[in-house]
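Values in this document were obtained by computation on a predicted structure and should not be read as measured data.
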Amino acid sequence: MSTHSYKVSEGHGLARNPFKAIVAPRPIGWISSRGADGTLNLAPYSFFNAVCDTPPILAFSSSGYKDTVANVDATGEFVFNLATEDLKDAMNTSSAPYPHGVSEFERAGLTATESMCVSVPRVGEAKAALECKHLQTIRMTGLDGVEGDNWLVLGEVVAVHLDKDAIVDGRFDVTRARPLARLGYMDYAVVSDVFEMFRPKA
């Protein structure tokens, strides 16, 4: 196998940076939040994932201190909404850089549905949603010790909503939900096929 190798500090030497294409697929952090002034925000984040299950904690990071991060810091709450194939256009619409105060829910034609434990609404059309309480926001620092304009937000899940049509034999069936995955460049994928593997015994 021939390998294209490079030091990050010296550049990748390719037409496009492959970093996001290598770390893929990634779930999309479609985050709804409410500002201290009551305005709603809904935005998708490419860098998102679950980081532990006991307690259940989610993390997303933002390039720039955007409305979502400011809202979560101010109110201490947010909701993760599952972006699925049927909602791909609405998710994409919500990614536009609207002025502060413009509701992405309205622009994307989505229903802001009341949550159980937080004051932030969830996407009513989402096949799954996780209500979260804010744990901490961390400003990321590189090896050079310089703080960047990148913000990591951690939240603990306090309530869960699932579309009953996606529950099969007591399990959330992702092949029915068909979640979107973020790849590199402008590429996306849909989770439609799964297989099982069991951890071997020592």
Side-chain angles (χ1 to χ4, degrees), residues 8 17 19-20 22-83 87 90-108 110 112-123 126 128-161 179-184:
V8 172
N17 189 338
F19 176 65
K20 294 180 182 179
I22 298 167
V23 186
R26 300 183 305 283
I28 297 169
W30 203 13
I31 308 298
S32 51
S33 62
R34 184 188 296 276
D37 59 359
T39 57
L40 299 181
N41 187 267
L42 178 65
Y45 284 85
S46 172
F47 292 114
F48 164 85
N49 221 315
V51 294
C52 60
D53 63 357
T54 308
I57 294 175
L58 302 180
F60 71 91
S61 69
S62 174
S63 296
Y65 195 80
K66 298 176 182 175
D67 283 348
T68 301
V69 182
N71 290 350
V72 174
D73 281 348
T75 66
E77 300 174 334
F78 66 92
V79 178
F80 158 71
N81 305 277
L82 186 66
L87 297 175
M91 182 277 298
N92 195 42
T93 297
S94 73
S95 71
Y98 299 112
H100 176 75
V102 173
S103 171
E104 290 83 3
F105 278 94
E106 294 180 5
R107 290 296 178 95
L110 296 166
T113 301
E114 186 177 357
S115 294
M116 292 173 58
C117 300
V118 302
S119 65
V120 178
R122 58 190 174 89
V123 173
L130 307 176
E131 300 179 25
C132 299
K133 293 282 190 177
H134 181 228
L135 293 174
Q136 58 181 311
T137 299
I138 303 168
R139 187 172 186 178
M140 306 298 284
T141 302
L143 289 172
D144 57 6
V146 176
E147 289 184 328
D149 194 17
N150 297 290
W151 306 83
L152 177 66
V153 178
L154 296 164
E156 183 172 336
V157 178
V158 294
V160 178
H161 305 270
L180 292 175
R182 191 69 171 94
L183 308 176

Item to complete: Taking the side chain as every heavy atom from C-beta outward, state whether Leu152 and Thr137 have any atom pair closer than 4.5 Å.
Response: no
Response to the item:
CG of Leu154 to CD1 of Ile138, rounded to nearest 0.5 Å, is 5.0 Å
What donor-acceptor contacts under 3.5 angstrom involve side-chain atoms of residues 91-99, with partners at least two apart or in another chain?
residue : atom : partner : partner atom : Å
Thr93   : OG1  : Asp89   : O            : 2.9
Ser94   : OG   : Trp30   : NE1          : 2.9
Ser94   : OG   : Met91   : O            : 2.6
Ser95   : OG   : Asn92   : O            : 2.5
Tyr98   : OH   : Thr93   : O            : 3.1

Response to the item:
Heavy atoms of Arg34 and Pro121 approach each other most closely as NH2-CD, 3.6 Å
Discussion item. Do the side chains of Glu77 and Lys133 get close enough for a salt bridge, i.e. N-O under 4.0 angstrom?
Written reply: yes
Practice prompt. Consider only side-chain N and O atoms of Asn81 and Ser32, and report whether a donor and an acceptor are under 3.5 Å apart.
Written response: yes
Only pairs under 3.5 Å count here: list side-chain donor-acceptor contacts from residues 49-61, not counting sequence neighbours, and write none if there are none.
none

Item to complete: Step through the shown structure and confirm whether more than 12 heavy atoms of other residues, nucleotides or ligands are within 6.0 Å of NZ on Lys66.
Response: yes
Worksheet entry | Nearest atoms (heavy-atom pairs only) where Cys132 meets Val118 | O-CG1, 3.7 Å
Discussion item. Going by the rule ring-ring contact (aromatic ring centres under 6.0 Å, His included), which residues pair with Phe19 if we only count those two or more places apart in sequence or in a different chain?
Written reply: none
Worksheet entry | Note, Val157 side chain near Phe80 side chain (heavy atom, < 4.5 Å) | no
Response to the item:
Looking only at heavy atoms, the pair that brings Thr75 and Ala36 closest together is CG2-N, 4.1 Å
Fill in: Heavy-atom side-chain proximity of Asp67 to His100 below 4.5 angstrom
yes
Worksheet item: Just by modelled atom types, is the Glu106 backbone N or O under 3.5 Å from a matching donor or acceptor in the Ser103 side chain?
Response: yes
Taking only distance into account, with no hydrogens and no angle test, what donor-acceptor pairs under 3.5 Å do side-chain atoms of residues 38-48 form with protein atoms, sequence neighbours excluded?
residue : atom : partner : partner atom : Å
Thr39   : OG1  : Asp37   : OD1          : 2.8
Asn41   : OD1  : Thr68   : OG1          : 3.0
Asn41   : ND2  : Glu104  : OE2          : 3.2
Tyr45   : OH   : Thr68   : OG1          : 3.1
Ser46   : OG   : Arg26   : NE           : 3.4
Ser46   : OG   : Arg26   : NH2          : 2.5

Response to the item:
Minimal heavy-atom distance between Ala24 and Arg182, with the atoms involved, is CB-O, 4.1 Å
Worksheet item: In chain order, what residues pass the side-chain hydrogen bond (donor to acceptor under 3.5 Å, both in side chains) check against Ser63, with sequence neighbours excluded?
Response: Asn150
Practice prompt. Would you indicate whether the side-chain heavy atoms of Val153 and His134 approach each other to under 4.5 Å?
Written response: yes
Worksheet item: Counting only N and O atoms by type, is there a donor-acceptor contact under 3.5 Å from the side chain of Ser62 to the main-chain atoms of Gly64?
Response: yes
Practice prompt. Return each pair, listed once, that meets salt bridge (Lys or Arg N to Asp or Glu O under 4.0 Å) where at least one residue sits in residues 134-159; pairs must be two or more places apart or across chains.
Written response: Arg139-Glu147
Worksheet entry | Heavy-atom closest pair, residues Asn71 and Gly35 | OD1-CA, 3.2 Å
Worksheet entry | Sole candidate of Met116, His161, Glu114 that passes side-chain contact (heavy atoms from CB on, under 4.5 Å) when paired with Arg122 | His161
Practice prompt. Could you please spell out the steps behind the side-chain contact (heavy atoms from CB on, under 4.5 Å) verdict for Val102 and Arg107?
Written response: CA-CA 8 Å; Val102 173; Arg107 290 296 178 95; 3.8 Å; yes
